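Read the structure below first, then the notes.
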Amino acid sequence: MTTVPGWTAPGDPAFGPAIDDSSYEGQTKCSPSPKPGVLAFQAMVLKRFPGTGVGSISRACNVGGTSEHKEGRAWDMSLNATTPAGRATADRIFEWLLKEDKFGNEAAMARRLGIMYFIWNKKIWGTWGGWETYCKMKNGACKDPDDGGILSPHTDHVHFSFTWDGAKQLTTYYNPS
């Protein structure tokens, strides 16, 4: 991984061995106001990477299919996958989120924050199985490898989606005991 100048991982509270279940929880209603856990994560990341873009959290209820954005529990962080600096920033964030903790919990920070999955540069990482191909470029479009549907390649932003506990700051990151 490339070193990012000035990077320091956020401080870790005194965590115990308990870890959160960050299983997938899809959109079930429309409540697009940004939730506190998403805002706290956004502020934490932007403080350490001021050159990245704020991006967006909320999405209107009448736009496209289902999305955690419509519940205020997803964040699209502006970041460019075509630049070395963009890739290095993403690498450092993912390294911090996916690191095993001293108790052997995989992807400990992601799970403690309630992150279910993130998408970046045509790949998706999820608590259900790690990194997978999200889409493949074909005829100028990024296509779902399973059904061929057109998807955003996420080369201009990182998408983070949160569980309800993560969105409401009810996870072990915010409540370590």
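Atom set for the values below is all heavy atoms of this structure, side chains included, hydrogens, waters and symmetry mates excluded. Just so it is clear, the model here is predicted, and its values are computed rather than measured.
Applying the ring pair (Phe, Tyr, Trp, His ring centres under 6.0 Å) rule to Phe162 yields the partners Phe41; only residues at least two apart in sequence or on another chain are considered. With sequence neighbours left out, the side chain to side chain contact (heavy atoms under 4.5 Å, CB included) criterion links Ser58 to Pro32, Pro34. Listed by chain and residue number, His154 satisfy the ring pair (Phe, Tyr, Trp, His ring centres under 6.0 Å) test with His157 (two or more places apart in sequence, or in another chain). With sequence neighbours excluded, the residues satisfying side chain to side chain contact (heavy atoms under 4.5 Å, CB included) with Thr66 are Gln27. Thr155 meets the side chain to side chain contact (heavy atoms under 4.5 Å, CB included) test with Ala81, Asn121, Pro153; sequence neighbours excluded. Taking the side chain to side chain contact (heavy atoms under 4.5 Å, CB included) definition, one finds that Gln169 meets it with Pro36, Ala40, Tyr174, sequence neighbours left out.
Pairs engaging residues 21-54 under the disulfide bond (SG atoms under 2.5 Å apart) rule: Cys30-Cys61 [sequence neighbours left out]. Within the structure, salt bridge (charged side-chain N to carboxylate O under 4.0 Å, His left out) pairs that include any residue of residues 61-84 comprise Arg59-Asp76, Glu71-Arg73 (at least two apart or interchain). Listed by first and then second residue, the salt bridge (charged side-chain N to carboxylate O under 4.0 Å, His left out) pairs involving residues 108-128 are Asp101-Arg112 (not counting sequence neighbours). Here salt bridge (charged side-chain N to carboxylate O under 4.0 Å, His left out) pairs that include residues 140-165, with residues two or more places apart or in two chains, number zero. Sorted by first and then second residue, the disulfide bond (SG atoms under 2.5 Å apart) pairs with a member in residues 126-162 read Cys135-Cys142; sequence neighbours excluded.
Hydrophobic clustering, defined by side-chain heavy atoms of Ile, Leu, Val, Met, Phe, Trp and Tyr closer than 4.5 Å, groups Met116 together with Tyr24, Tyr117, Ile119, Ile124, Trp128, Tyr134, Leu151.
Of all heavy-atom pairs spanning Trp120 and Leu79, the tightest one is CZ3-O, 3.4 Å.
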